[in-house]
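Scroll down for the structure; my scribbles are underneath it.
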Protein chains: 2
Amino acid sequence: MEPVRKQTAAQTSSGGRPRSPRIHQAILKAAVDLVLESGSRAISMDDIAARADVGRMTIYRRWCNKAAIIMDAFVARVDPGTLFLPARSYTESIRLQMRSMAKAFRGKDGALIRALLAEAQFDPRLAVELRDRWTMPRRKMAISYFQRGIKDGLLRSDADPDAIIDILYAPIYYRLQMGTGPLSDAYVDEIFDHAMKGLRKV
Amino acid sequence: MEPVRKQTAAQTSSGGRPRSPRIHQAILKAAVDLVLESGSRAISMDDIAARADVGRMTIYRRWCNKAAIIMDAFVARVDPGTLFLPARSYTESIRLQMRSMAKAFRGKDGALIRALLAEAQFDPRLAVELRDRWTMPRRKMAISYFQRGIKDGLLRSDADPDAIIDILYAPIYYRLQMGTGPLSDAYVDEIFDHAMKGLRKV
DNA sequence: ATGGATACGATACATCTCGTATCGCACAAG
DNA sequence: CTTGTGCGATACGAGATGTATCGTATCCAT
């Protein structure tokens, strides 16, 4: 299986003209702008090349398809910093993290992740990339955070961190894709509160 | 905005040769078979026409694109019967319904709904169709079921039926698309139990 | 039965997109 | 200055899309 992102030949071997980082950024910016304007399906490699004022071959030298460009652009946007910031309490920190993700999904990141998720359903290589570069890093951080909460007696001891993640975060993805309602803070709070308290009447 | 499914001209006006229902079914079957074999992106209208042993124009006369065919085929597959079957208890009936959906998603329906969900991210008309013909009918049934549970004091009175749906069912869609693990009955039970009991230690 | 209207299969066609190849020039390292 | 690669431009073939058209088939109304 060939890689989605192509090797920088000039960096691996010795001589030759190096690839321009300026062009790299121009392509990523052009791709993001066009996706937000017209949607990822409506645009072609030609469109991106024209907007970036770059030859089409220059793009194909670096990425194998549209989705790979969007993936790189998306990952470059996300803050690689801490996932859970300190708050009033352990659980409040979770709520704030959920709100922060919902806020990102309401903006440009939402349009990009929607395109990537959809495209990943058709392209197994992209699906792997999305898992490795977006989904799993965040799940790993969340798992360790939830494990601490279980250990400290703040979350139920019989809860599986993976299930906790899915219950809390899957609704955000669901609403992003289905559009059954706004991805508001009020919605996030509703999901968070009900998931914490439980749905069954005690 | 033009319709995704095209009007049966022979049925609206008077005379003329009627469209063959046999051909209709042949096209739907060919589309489903090919999607399951190769994936919806890999196949073309030509492929479907060839498999159904039908002229390409005959397909375009009825549907405007691939996704519209898959949509009709998918909706024709789903049982329009009752959503929640009686079980040992009110809440057990919810669990069984979740399991039944997960089972469907493990099979052919899973591949079809994945393709439709992905395609709907690019085609607003298809997104509306998917909402109207799949998502909303089931949400409406679930809402009325959950409202009864709230009224009967089996579910928390402060819970919003929409939020309940998302907490219980979004994880199933999430795992279907992300592939973070198997869509097993054990997983469904885990989501169901934790969502019912709540995540916070009491 | 007969004529009108439409479905159907087949074919052709223009258009678009993709991915590759190639040419000439630009640019950095040795 | 030579070598090796990046870069823009152009051409090319393959494949898909959506439309158009032709001759035949089939149903309905008269």
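Here is the naming used below: chain letters follow the sequence lines, and residue numbers restart at 1 for every chain.
Contact of the B:Arg51 side chain with the B:Glu37 side chain is registered, since non-hydrogen atoms from C-beta on lie closer than 4.5 Å. Side-chain atoms of A:Ile164 and B:His194, non-hydrogen and from C-beta on, never get closer than 4.5 Å to each other.
One can place NZ of A:Lys66 at 14 Å from C1' of C:dG19, the figure rounded to the nearest angstrom. Across the protein-nucleic acid pair, B:Ile43 atom CD1 and D:dT17 atom P stand 9 Å apart, rounded to whole Å. We find that CZ of A:Arg22 is positioned 14 Å from C1' of C:dA26, with the value rounded to whole Å. For the pair A:Trp63 CH2 and D:dC7 P, the interatomic distance rounds to 10 Å; values are reported in whole Å. Between the OH atom of A:Tyr60 and the C1' atom of D:dT10 there is a distance of 15 Å, given to the nearest Å. Straight-line distance from the NE2 atom of A:His24 to the P atom of D:dC7: 11 Å, rounded to whole Å. Between the CZ atom of A:Arg41 and the P atom of C:dC16 there is a distance of 18 Å, rounded to whole Å. Residue A:Ile27 contributes atom CD1, which lies 12 Å from atom C1' of D:dG6 at whole-angstrom precision.
Here B:Arg56 does not reach the OP1 or OP2 of D:dA16: none of its side-chain N or O atoms lies under 4.0 Å away. Within the structure, every side-chain polar atom (N or O) of A:Arg61 is placed at least 4.0 Å from both OP1 and OP2 of D:dT5. Within the structure, a side-chain polar atom (N or O) of B:Arg19 is placed less than 4.0 Å from OP1 or OP2 of C:dA7. Distances shorter than 4.0 Å separate some side-chain N or O of A:Thr58 from OP1 or OP2 on D:dG8. In this model, the phosphate group of D:dG6 is not approached by any side-chain N or O of A:Ser20 to a distance below 4.0 Å at OP1 or OP2.
Across all non-hydrogen atoms, the minimal contact from A:Met71 to A:Leu116 is N-CD2, 3.7 Å. Closest non-hydrogen pair, A:Arg156 versus B:Arg200, comes out as CG-O, 3.6 Å.
Across all strands shown, A:Met57 has heavy atoms under 4.0 Å from base atoms, whether or not it also approaches the sugar-phosphate. Using a 4.0 Å heavy-atom distance criterion, B:Asp46 is classed as a base contact.
For B:Arg17 and D:dA25, a side-chain-to-base donor-acceptor distance below 3.5 Å is present, hydrogens and geometry of angles not being considered.
Here D:dC27 is the nucleotide among D:dC27, D:dG6, D:dG8 with the atom lying nearest to any side-chain atom of B:Pro18.
With A:Asp72 as reference, A:Arg133 is the one residue of A:Arg62, A:Arg133, A:Arg77 to meet the side chain to side chain donor-acceptor pair (under 3.5 Å) rule.
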